[in-house]
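Whatever order the structure lists them in is the order used to number ligands and atoms, beginning at 1.
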Amino acid sequence: MKPDIVVFGSLNVDFVVRTSRRPAAGETVLGTSFQVHPGGKGANQAVAAAKAGRGKVALVGKVGNDPFSATLLDSLSKAGVCLDLMERTSDAPTGTACITVDDHGENSIIVVPGANALCSRKDVDAARPLLREAKILLVQLEIPFDTVVYAVQVAREMGVTIILDPAPARPLPAELLSTVDIITPNEHEASVLTGREVVDIQSARVAAADLTSRGARCAVVKLGARGVVLSQNNTLDHIPGFEVPATDTTAAGDAFAGGLAAALVEGRSLGEACFFANAVAALSVTKPGAQSSMPCREEVEEFIFKGG
Ligand code: ADP
């Protein structure tokens with residue numbers, strides 16, 4: 001298979017608890033439901049791109065040799081994601097994420113990386129033939145940082161467009177920042193990256209401009225329901241989000257990243273791709289779960305056609 005988009009990243013089983021209010025330290029609250037969903041930023045973004053787009057998507061990553069891995073691989077293949085370079089390892093369990101969602105749809109997440117922590121430079125080298133054919137590499141920070149840096153370096157050598165979703169948040173070396181084409185932090189990640197609090201459109205504009213002035217070719221700062229601020233070619237744009245009833249914002253950022261890659265691979269401009277990705281992400285927050293909440297192309301087109 002010749003993929004258009006290669007996603008290099010994590011797969012996790014999500015254990016999702018719903019509760020009216022998330023507990024404070026030392027507190028116990030009663031939850032209202034418990035569900036198990038396939039997740040992980042890499043897998044979520046691959047599913048989002050495969051469902052919302054027309055391009056071919058491959059995921060490179062690792063799962064454990066345990067029953068959870070089947071749930072994950074099954075969800076990916078149902079979405080049409082190529083798994084030729086997925087590996088099952090006996091050296092670590094499948095990654096897990098414990099997610100608490102409150103009545104406002106806000107979430108708190110603890111990730112235990114497991115097999116994701118074993119993704120190495122060797123796996124990047126094994127993916128070279130796929131990368132050589134690809135137009136876009138999509139990476140996040142749930143696999144070892146050194147592996148991400150190496151994947152970005154290899155993709156750069158091959159002239160592949162690099163989208164970095166810098167989550168979970170951490171400061172990034174200038175060299176990495178100046179190697180990526182598009183960086184897509186949310187408000188918290190943008191605050192960590194720039195050292196300035198990002199809380200609204202105005203502060204997002206400052207952060208986006210800061211990220212491009214520090215070397216990223218384009219920066220897209222995500223602002224939840226308010227959409228995104230885009231910085232490119234010394235220009236700043238606010239691309240508003242769509243108004244929807246939010247049920248569960250888990251993986252909204254992943255839906256956005258997948259939608260962005262899917263639209264770019266079809267030749268849309270970055271502004272148009274952000275608009276499309278806002279629609280994909282808005283639809284995803286109207287449904288519970290991560291991968292199960294990713295909309296298909298027809299849903300996205302109908303939603304956009306109706307004006308959101
Ligand atoms: P993350 O999920 O990475 O924390 P955000 O919360 O900023 O990122 O959400 C990512 C994108 O998802 C937003 O830019 C927007 O397009 C969409 N989105 C998130 N929450 C909502 C919402 N309540 N209503 C509509 N769109 C939303």
Could you pull out every donor-acceptor pair under 3.5 Å between side chains of residues 235-245 and any protein atom, sequence neighbours left out?
from : atom 1 : to   : atom 2 : distance (Å)
T235 : OG1    : N233 : O      : 3.1
H238 : NE2    : R226 : O      : 2.7

The test is side chain to side chain contact (heavy atoms under 4.5 Å, CB included); show your working for E187 and L223 and say whether it passes.
CA-CA 6 Å; E187 286 162 282; L223 294 163; 3.5 Å; yes
Mind checking what makes salt bridge (Lys or Arg N to Asp or Glu O under 4.0 Å) contact with D146, not counting sequence neighbours?
R121
Contact table, ligand 1 N/O with protein N/O, distance under 3.5 Å:
from     : atom 1 : to   : atom 2 : distance (Å)
ligand 1 : 2 (O)  : G253 : N      : 2.8
ligand 1 : 3 (O)  : K222 : NZ     : 3.2
ligand 1 : 4 (O)  : N186 : ND2    : 2.8
ligand 1 : 7 (O)  : G224 : N      : 2.7
ligand 1 : 14 (O) : G227 : O      : 3.1
ligand 1 : 16 (O) : N278 : OD1    : 2.7

Looking only at non-hydrogen atoms, find the nearest pair between I304 and A279 and report the distance.
CG1-CB, 3.7 Å
Would you tabulate the side-chain donor-acceptor contacts of residues 110-118 under 3.5 Å, counting partners in other chains and residues two or more places apart, or write 'none'?
from : atom 1 : to   : atom 2 : distance (Å)
N116 : OD1    : L11  : N      : 2.9
N116 : ND2    : L11  : O      : 3.0
N116 : ND2    : N12  : OD1    : 2.9
N116 : ND2    : P113 : O      : 3.0

Kindly indicate, with the supporting measurements, whether the criterion ring pair (Phe, Tyr, Trp, His ring centres under 6.0 Å) is fulfilled by F68 and F15.
CA-CA 11 Å; F68 292 133; F15 297 100; 5.7 Å; yes
